[in-house]
Each structure stands twice: as structure tokens, then as C-alpha cells.
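Contents: one structure, followed by commentary.
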Amino acid sequence: MAPPLPRIADRRDFLRAASAGAKSAQPGLVLQALAAPEAGFRVGFTVTRKVGNAVVRNRARRRLRAAADQVLRADHPAGWDIVLIGRAGTLDRPFASLCEDLRRALARTGVQG
């Protein structure tokens with residue numbers, strides 16, 4: 001089993017990506033990306049209470065982690081902090097479409113070509 005992707009742990013880093021980062025909203029997720037060359041590559045996940053109760057939010061977060069693992073594992077962008085925000089569509093969207101949403105969001109924010 002591969003080690004987990006490097007994570008954003010501090011609230012301060014989540015807030016910095018939200019305020020100064022590039023954003024892309026897709027049907028299955030919202031991506032916020034902030035160039036952070038000193039941090040290498042890190043990814044964070046969040047789902048608000050608007051999406052549902054704790055069980056629903058955890059399921060959405062697991063789907064986001066799996067999509068990020070599949071898309072970013074082979075070709076992770078160095079020098080970026082990436083925050084993935086779950087939406088109501090995260091739960092119902094087919095997994096292949098969720099991965100495509102992530103690829104499209106990365107391209108729109110300039111993280112990957």
C-alpha cells in the first residue's frame with residue numbers, strides 16, 4: 001500500500017488557500033490552489049455541514065481522498081497547496097466523473113497542463 005499524500009493540517013494554511021489561491025468550481029468539487037514552493041506538495045480536504053451530517057460528510061471526504069489519490073498520486077504538482085471542498089454532488093457523482101472534475105479543476109487553475 002502506498003503512503004498517503006502529504007496533508008495540509010493547519011487551519012491557517014486552509015484559510016490562506018481560500019483567500020489568496022486560485023479557485024475552480026466543478027459539479028463534484030471545488031478546488032482551491034495556492035503556489036507554495038516552500039511547502040512542496042500538500043493536499044487538504046474539507047466538507048461543510050451544508051452537505052449533510054457527519055456520516056455523509058465523512059463519505060464525501062473519503063470519495064475526495066480516493067479521487068485525489070488516483071489523480072495526484074502518479075503526477076503530483078510540486079510547489080502547490082491544494083484544498084478540495086466537497087459539495088452535495090460529490091456523493092452522487094460517478095467516481096470517473098469526480099476524477100475528471102478534479103483533472104479539469106487542476107487545469108483551470110493552472111496547476112497541471
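A continuous path of hydrophobic side-chain contacts links L98 to V56 [ILVMFWY only; heavy atoms under 4.5 Å]. At a threshold of 4.5 Å between side-chain heavy atoms, the hydrophobic network of Ile, Leu, Val, Met, Phe, Trp and Tyr places I82 and F14 in two separate groups. No chain of hydrophobic side-chain contacts below 4.5 Å, direct or via other Ile, Leu, Val, Met, Phe, Trp or Tyr residues, connects V43 to L34.
Looking at I85 and Q32, their side chains come closer than 4.5 Å, going by heavy atoms from C-beta outward. At least one side-chain heavy atom of L106 sits less than 4.5 Å from a side-chain heavy atom of L72.
Closest approach of A105 to S24, counting heavy atoms only: CA-OG, 3.5 Å. In this structure, A18 and K23 approach most closely via the heavy-atom pair O-NZ, 2.6 Å. Closest non-hydrogen pair, V47 versus A60, comes out as CG2-CB, 4.0 Å. Taking every heavy atom of both residues into account, F45 and R65 meet most closely at CE1-CG, 3.5 Å. What you find for T48 and R57 is that their closest heavy atoms are O-CD, 3.2 Å. Closest approach of V83 to A17, counting heavy atoms only: CG2-CB, 3.8 Å.
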*Could you walk me through whether L91 and V51 pass side-chain contact (heavy atoms from CB on, under 4.5 Å), step by step?*
CA-CA 9 Å; L91 298 165; V51 173; 4.1 Å; yes
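The residues D13 and R42 are annotated as salt-bridged, a charged nitrogen and a carboxylate oxygen being separated by less than 4.0 angstrom.
Atom CD in Q70 sits 6.5 Å away from atom CZ in R103 (nearest 0.5 Å). Once rounded to the nearest 0.5 Å, the distance linking CG of L64 with CG of L102 reads 8.5 Å.
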Show which side-chain atoms of residues 5-12 pair as donor or acceptor with protein atoms under 3.5 Å away, not counting sequence neighbours.
| unit_1 | atom_1 | unit_2 | atom_2 | d |
| --- | --- | --- | --- | --- |
| D10 | OD2 | R12 | NH2 | 3.3 |

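Applying the side chain to side chain donor-acceptor pair (under 3.5 Å) test to residues at least two apart or on different chains, the pairs with a partner in residues 85-97 are R93-D101.
For R61, the side-chain hydrogen bond (donor to acceptor under 3.5 Å, both in side chains) criterion is met by N58, not counting sequence neighbours.
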